[in-house]
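Every number for a ligand or one of its atoms is a count from 1 in the order of the listing. Here the structure is a predicted model, which is why all the values come from computation and not from measurement.
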Amino acid sequence: MNLAEPDLTSVAAERLPALLRQMPKAELHIHIEGSLEPEMIFALARRNGVQLPYASVEELRRAYAFTNLQSFLDIYYAGASVLLTEQDFYDMAQAYLQKAVQDNVAHAELFFDPQTHTARGVSMETVIGGLHRACTDAAGGLGIDASLILCFLRHLSEEEAFETLEQALPFRDKFIGVGLDSGEVGNPPEKFARVFARCRELGFHLVAHAGEEGPAAYIWTALDVLKVERIDHGVQAIQDAALMARLARDRIALTVCPLSNLKLCVFPDLASHNLRQLLDAGLAATVNSDDPAYFGGYLNDNFTQTFAAGRLHAGHAYRLARNSFEASFIDDAAKRRHIDRLDATFEAFR
Ligand code: HPA
Ligand code: ZN
């Protein structure tokens, strides 16, 4: 891997948006159910005969005025209720992957929430089968490499997480890791200590949402009790200097989601976001879209809007893209290929 960073001082500020859009990147924090656009929610509701509590696409969009994580989750789980067949899951993932290709996403690791679906009588085979088929087809047809990470819903019990794992194990070759999402405060990582230990024994990659709305203490226990390899969000790490030092020392990646943080009122505006502080402190931060259909933008929107809010330059753009490949769960040869392409893109912008 090329360890030298390209000279980035000569990239003119007005060329930065084009560079942000064109640079190859990985997306490591995208809930595939959060890519369901209102138009697709209504199309699937019609296809499946599901009654929605909203009269129109416009009325649904108007409900996207969130005040915190829970206010979003209520609508997000309602939106996912239109997903019933293997083809529905395929169509949802394929639509996201097509958009990701346009944003020059070369590799994506997609979260999915099986408990949202199995609780409604949809089988694990239907969920994983449709999502995995879309990933496989995209590798051949769209030229984007994608894999799946199964998330446990942390507002449910650890026993239910174990049941979900059992249901998923017949399909273990179709997902690469497990994560932890849903309402954070009051549901600390250590609630899932045993199921994560089991997943670790089984050889899965481990990640967890921590320090989005919850305290820095949850990031410590995600690392030390769950033994996760990346922290999803993690922006509250800034509250704890010892934690910042640990994250920097161990190169634990944070999958930061600026537009999500803005829409869920974690920061009052993008200019107040702490992404630059995290990067400048030596943390392996990345930029991601989280739930792009709900938060007003896909990956390139997250990059361009965050950089437009100021205080970040081409050197940060390079770091973010490079971190995204280095923190991904692909092999070293694939990382090198992506980073070589990244370097070539920056060369062309000098
Ligand atoms: N946090 C927790 N759970 C989620 C999120 C998030 O940002 N998006 C979808 N489920
Ligand atoms: Zn998330």
Inset, instruction - Tell me, please, whether Tyr54 has Arg62 positioned over its six-membered ring: NZ or CZ under 6.0 Å from the ring centre and within 45 degrees of its axis? - result: no

Inset, instruction - For Asp145, check salt bridge (Lys or Arg N to Asp or Glu O under 4.0 Å) against everything at least two apart and list the hits. - result: none

I'd like to know if [X] and [Y] make a salt bridge, using a cut-off of under 4.0 Å between side-chain N and carboxylate O.
X: Glu39; Y: Arg61; value: yes
X: Glu27; Y: Lys99; value: no
X: Glu160; Y: Arg154; value: no

Legend entry - Side-chain heavy atoms of Trp220 within contact of Arg246, under 4.5 Å: yes

Legend entry - Contact check, side chains of His107 and Ser147, non-hydrogen atoms, under 4.5 Å: yes

Legend entry - Pairs where residues 170-200 contributes a residue and the test ring-ring contact (aromatic ring centres under 6.0 Å, His included) is met, not counting sequence neighbours: Phe175-Phe204

Inset, instruction - Mind telling me whether His31 and Tyr76 have parallel, tilted or perpendicular rings, with 30° and 60° as the class edges? - result: perpendicular

Legend entry - the Zn ion (ligand 2): protein N, O or S atoms that are less than 2.8 Å away, sorted by chain: His29 NE2, His31 NE2, His209 NE2, Asp290 OD1

Inset, instruction - Might you list the protein residues in contact with ligand 1, defined as having a heavy atom under 4.0 Å from one of its atoms, sorted by chain and number? - result: His31, Leu69, Phe72, Leu73, Tyr76, Asp181, Ser182, His209, Glu212, His233, Asp290, Asp291

